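Treat the numbers as computed from the prediction; the structure is a model and nothing was measured. Letters go in sequence order (proteins before strands), and every chain restarts at 1.
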Protein chains: 2
Amino acid sequence: MSDNIKNFAGLEKQDVLPAGFLERVAERFKVLGEPARLRLVHCLMEGEKSVGTLVEESGLNQANTSRHLQGLVQAGLLGRRKDGNFVYYRILDPSVFELCDLVCRSLQARHREEAGVLRPE
Amino acid sequence: MSDNIKNFAGLEKQDVLPAGFLERVAERFKVLGEPARLRLVHCLMEGEKSVGTLVEESGLNQANTSRHLQGLVQAGLLGRRKDGNFVYYRILDPSVFELCDLVCRSLQARHREEAGVLRPE
DNA sequence: CTGCTAAATACTTATATAGTTGTTTAGCGC
DNA sequence: GCGCTAAACAACTATATAAGTATTTAGCAG
């Protein structure tokens with residue numbers, strides 16, 4: 001509720017954005033802007049899981065699963081743990097929960113507005 | 001802090017996600033996952049502005065500005081108002097503020113972790 | 001009507017990336 | 001060593017989209 005919420009975390013309006021700043025923020029959004037990766041994140045909300053498990057639950061094939069998981073790790077959202085023949089992934093950055101939650105609520109609100117007062121479809 | 005924050009806004013873990021649900025969430029993230037659009041959003045955090053003003057302030061050319069603004073409108077994030085020869089855009093969905101704020105804080109936290117205690121690069 | 005300006009659109013090129021398939025690497029048991 | 005499995009990687013295709021340029025549309029003033 002402070003007024004810096006109207007800007008980018010703590011930066012005043014008149015501040016020039018640091019070089020590459022928007023690019024890094026965009027990178028975060030971008031990695032979540034893909035249904036496949038979002039699906040993996042959703043699966044991992046139940047806790048740490050192996051790649052094989054994620055393949056089963058997500059419906060993605062093995063190669064896609066692996067690559068998307070890497071993207072999420074690179075973005076700092078997931079953590080990776082190797083145990084013998086298996087590799088386990090988990091959500092590292094708790095902001096993921098809040099980000100998804102925020103978007104969902106916003107979409108629900110918009111949906112309600114569009115539908116007037118009531119109407120599931 | 002409720003436990004549905006660990007999922008997608010109000011959905012229980014065992015719930016099957018509605019068809020197209022992840023796609024719509026991803027769409028939201030995707031539209032913010034572009035530095036140019038993020039820059040426009042940042043400009044608009046000061047308030048409603050015309051396309052021309054946004055062209056000046058963002059450094060994007062006129063065509064790109066116009067097209068990116070359209071994407072943001074379609075996603076429901078911006079509102080559009082036409083007045084005579086000018087078109088004014090404004091932020092419609094307040095969740096944008098919180099989303100950007102969240103990502104920024106998360107990036108800052110990560111940056112601090114990576115740097116140990118101190119070290120700009 | 002003729003200019004003039006603001007914004008949107010059309011068209012092109014270039015790039016990025018998701019998906020598929022097949023192969024390779026790494027770790028286990030024997 | 002061999003066989004088996006899990007995960008990562010490579011190579012390719014297809015698609016999406018950002019950027020640039022040029023054009024068109026819309027509204028104003030005269």
Nearest-0.5 Å distance, [atom1] of residue [X] to [atom2] of residue [Y]:
X: B/Q70; Y: B/L72; atom1: CD; atom2: CG; answer: 10.5 Å
X: A/R24; Y: B/L38; atom1: CZ; atom2: CG; answer: 12.5 Å
X: A/L69; Y: A/Y89; atom1: CG; atom2: OH; answer: 5.0 Å

Inset, instruction - Using modelled atom types only, decide if a donor and an acceptor are shared between the side chain of B/T53 and the backbone of B/K49 within a distance under 3.5 Å. - result: no
Indicate the atoms forming the closest heavy-atom contact of [X] with [Y], along with that distance.
X: B/P35; Y: A/L22; result: O-CD1, 4.3 Å
X: A/Q62; Y: A/V55; result: CA-CG2, 3.8 Å
X: A/I91; Y: A/V41; result: CD1-O, 3.8 Å
X: B/H68; Y: B/R37; result: ND1-NH1, 3.2 Å

Expressed as a whole number of angstroms, how long is the span from [X]:[atom1] to [N]:[atom2]?
X: B/L72; N: C/dA8; atom1: CG; atom2: P; value: 12 Å
X: A/K30; N: D/dT17; atom1: NZ; atom2: C1'; value: 10 Å
X: A/E34; N: D/dT15; atom1: CD; atom2: C1'; value: 12 Å
X: A/L60; N: C/dG19; atom1: CG; atom2: C1'; value: 10 Å
X: B/L54; N: C/dA8; atom1: CG; atom2: C1'; value: 15 Å
X: A/Y88; N: D/dA6; atom1: OH; atom2: C1'; value: 10 Å
X: A/R39; N: C/dG19; atom1: CZ; atom2: C1'; value: 15 Å
X: A/L69; N: C/dG19; atom1: CG; atom2: P; value: 13 Å

Inset, instruction - Could you list by number each residue of residues 76-87 of chain A showing a heavy-atom separation from DNA chain C of less than 4.0 Å, or answer none if no residue does? - result: A/K82, A/G84, A/N85
Inset, instruction - May I ask you to evaluate whether A/Y89 reaches the phosphate of D/dA6, defined as a side-chain N or O under 4.0 Å from OP1 or OP2? - result: no
Inset, instruction - May I ask you to evaluate whether A/H68 reaches the phosphate of C/dG19, defined as a side-chain N or O under 4.0 Å from OP1 or OP2? - result: yes
Inset, instruction - Return yes when atom CD of B/Q74 has more than 12 non-hydrogen atoms of other residues, nucleotides or ligands closer than 6.0 Å, and no otherwise. - result: no
Between the protein and nucleotides 9-12 of chain D, which nitrogen or oxygen pairs come in under 3.5 angstrom?
unit_1, atom_1, unit_2, atom_2, d
D/dC9, OP2, A/Q70, OE1, 2.8
D/dC9, OP2, A/Q70, NE2, 3.0

Inset, instruction - Check every strand shown and say whether B/S50 touches a base, only sugar-phosphate, or nothing at a heavy-atom separation below 4.0 Å. - result: sugar-phosphate
